[in-house]
S.K.: 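Sending over a structure as structure tokens; questions will come in a sec.
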Amino acid sequence: MRKLFISFVTAVLLTNCSADSLMKETELDLTDTEKVYSDITLTRKVAYDLYARMRMGRDRLGSFGFLANIGGSPCMLDNATDDGAGNTTRAGGAVIPELEKFIKGGIDASKGLIGGDHPWIFYYKAIRSANTFLNNVDRSPLEDAEKISLKNQVRFLRALYHHELFRFYGALVIGDKELDPLLYDEIKRESLETTVRWITNEFKELAEPGVLPDKYDAADYGRATRGAALGYLARTLLYAASPLHNASGVTWREAADAAYDMIEYSDNGDFYRLYEDPTTPEKSYTRLFNTRANGEVIMGFLRAPANDLYGMMPAFDPWNVNKELLTCPDQWLVDCYDMLDGSQPILGYESNTKAIINPNSGYNENSPYANRDPRLAQSILCDGATWPLVNGKPATIDLSKSYRWGSGYFLTKFLDDRIDHRKGGTTYMDFPMMRYAEILLDYAEAENEAEDTNTAREKAIAQLNRIRRRAGITTDLLAADYNQATLRERIRKERRVELCFEDHRFFDIRRWLIAKDVMRLPAVGIKKINGEYQRVTLDTRNYNERMNLAPIPQDEVNNCPNIYQNPGY
């Protein structure tokens, strides 16, 4: 099936295809099913094209820029959290209305959530296409074995679409069959419990041995696997057990057991593991994002080799020319990175956001980036850092110069320091929709919440230490140093660092019910004045608790009597 998968990748990656053209290609089966399902090539195309619907964004081909893409620079979803510095940092540059709504508390039901679009509309269109495929593929001339394989893959994708909708909206209309839009009074939004149980039951059935492959040959890399079904089952249960969704009836023990099942499956079968780079193991964390096929990525949104994300570097020569800068980390995130020996440099904050320094950590305010968790330097370009190739030579960040530095930090997590983007160099930068490190963090969180015992904390911390050792931190965490509450905060901080700007923080602060606290704080950056670092306020923010869930498009609520709106809209 090598040629067939290449066709799918081409459909996803062609740079001259718009989101609209992809939608029209997939919806071919909705307008002429007789033609599509009598043609092997068209039948396969519809199935493979559904992979392009895994992730919504303003430009799905770019896939990183969930909120916006301007000139190749993405505005990521997590830029609308306490990890992000907010809007553009280029003088005279664009202000992103989608971002402003999220950080100023301006989300409502009357307008599109992302530009003129909604995840609700995007994913239900994908669900409709998936159901049309499932209802018609049996009459195609494909061999029976291929029909079964494609049906299981499409069923997985349909469950994944529901999972993404659940993350935004909570309770859903279950799209397990084709809905007749004329029978609008029969379209019903189910309870949260029914929604979650339907999604998890789908993933459970798909995770049974033999339903989906454990692995594919290299030519078919990127398709749905048994491990992906186990992973999405674990994540769905984790979200459902969280405070925001406790009406689901899911327990933390269910979530912990599901994550542990995935860990046992991965470790015992050698299917997934934390990536270790064979040539530069000290850079394993950053290299995994530029290595197309590796054992850590469970599900990725595949892209052609590119250099578009280098638009997140400073928006002036030599780094970039006339670029917008739409995504920047902030000081709150930088403060979360431990010292190299595992000690915490920042213990808290005074009322004016002044950091409380841990005197035993070795942290030096005059040299704040020295001896830190190696993931800091592999994720964020800080003052004094040198990037090896920028238009033919190294370039160094120097905040003492009077450029417009914005937050003072630049996201380089997904970039490859072996290429020169100004000379046209490209690299793999696939969006990691799910990777094994997340599963370890899912288990640690759920196990700690499920049971307030030292044994549970030892199990949770064992997974954290696996991640921290890969990162290069020299000292393990010890269960004896924590109780349930303090370990909860440690797990959340580890999750924030390891998974930064991978679309997790946006949902985490909501499901933990802490968005009302962290999103009412100002964004904070760093400046260097007369040789000294000073924390500066970048913007003020507001948060309305109704934004823990996204609003259903008001037209949907008005037109369907059994689709109720989320609270507060």
S.K.: Checking Arg167 now: which residues fulfil salt bridge (Lys or Arg N to Asp or Glu O under 4.0 Å) with it, not counting sequence neighbours?
M.R.: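 Arg167: salt bridge (Lys or Arg N to Asp or Glu O under 4.0 Å) contacts with Glu164.
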S.K.: Please enumerate all residues that pass ring-ring contact (aromatic ring centres under 6.0 Å, His included) together with Phe289, with sequence neighbours excluded.
M.R.: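 In terms of ring-ring contact (aromatic ring centres under 6.0 Å, His included), with neighbours along the sequence ignored, Phe289 is linked to Tyr285, Phe414.
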S.K.: Using ring-ring contact (aromatic ring centres under 6.0 Å, His included) as the criterion, list what pairs up with Trp332, not counting sequence neighbours.
M.R.: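 Once residues adjacent in sequence are excluded, the partners of Trp332 under the ring-ring contact (aromatic ring centres under 6.0 Å, His included) criterion are Tyr349.
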S.K.: Within 45° of the axis and under 6.0 Å from the centre of the six-membered ring of Phe506, does NZ or CZ of Arg510 qualify?
M.R.: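 The answer is yes; both the distance and angle limits are met.
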S.K.: For Arg541, what residues pass the salt bridge (Lys or Arg N to Asp or Glu O under 4.0 Å) criterion, not counting sequence neighbours?
M.R.: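 Arg541: salt bridge (Lys or Arg N to Asp or Glu O under 4.0 Å) contacts with Asp539.
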S.K.: Listing request: all ring pair (Phe, Tyr, Trp, His ring centres under 6.0 Å) pairs with a residue in residues 537-558, at least two apart in sequence or in separate chains.
M.R.: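 For residues 537-558: none.
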S.K.: Under the rule for ring-ring contact (aromatic ring centres under 6.0 Å, His included), what residues qualify as partners of Tyr569, not counting sequence neighbours?
M.R.: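 Tyr569 satisfies ring-ring contact (aromatic ring centres under 6.0 Å, His included) with no other residue.
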S.K.: How would you list, by chain and number, every residue that makes a ring-ring contact (aromatic ring centres under 6.0 Å, His included) with Tyr363, sequence neighbours excluded?
M.R.: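 With sequence neighbours excluded, Tyr363 shows a ring-ring contact (aromatic ring centres under 6.0 Å, His included) to no residue whatsoever.
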S.K.: Could I get the full list of salt bridge (Lys or Arg N to Asp or Glu O under 4.0 Å) partners for Arg470, not counting sequence neighbours?
M.R.: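 So Arg470 forms a salt bridge (Lys or Arg N to Asp or Glu O under 4.0 Å) with Glu296, Glu498.
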S.K.: In chain order, what residues pass the salt bridge (Lys or Arg N to Asp or Glu O under 4.0 Å) check against Arg197, with sequence neighbours excluded?
M.R.: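 With neighbours one apart ignored, the set is Glu254.
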S.K.: What I'd like to find out is whether the side chain of Leu67 reaches to under 4.5 Å of the side chain of Met76, using heavy atoms alone.
M.R.: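 Leu67 vs Met76: side chains apart.
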S.K.: When you compare the side chains of His245 and Arg511, does any donor N or O come within less than 3.5 Å of an acceptor on the partner?
M.R.: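 His245 vs Arg511: no donor-acceptor pair found between side chains.
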S.K.: With sequence neighbours excluded, give me every ring pair (Phe, Tyr, Trp, His ring centres under 6.0 Å) pair touching residues 458-488.
M.R.: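 Applying ring pair (Phe, Tyr, Trp, His ring centres under 6.0 Å) to every pair that reaches into residues 458-488, excluding sequence neighbours, yields nothing.
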S.K.: Sequence neighbours left out, what passes side-chain hydrogen bond (donor to acceptor under 3.5 Å, both in side chains) with Asp442? Give chain and number order.
M.R.: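 Result, side-chain hydrogen bond (donor to acceptor under 3.5 Å, both in side chains) vs Asp442: Arg495.
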S.K.: If the condition is side-chain hydrogen bond (donor to acceptor under 3.5 Å, both in side chains), which residues does Ser110 pass it with, not counting sequence neighbours?
M.R.: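 Listed in chain order: Asp108.
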S.K.: Between the main-chain N or O of Pro368 and the side-chain N or O of Arg372, is there a donor-acceptor pair closer than 3.5 Å?
M.R.: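 Yes; judged by distance alone, with no hydrogens or angles, the pair exists.
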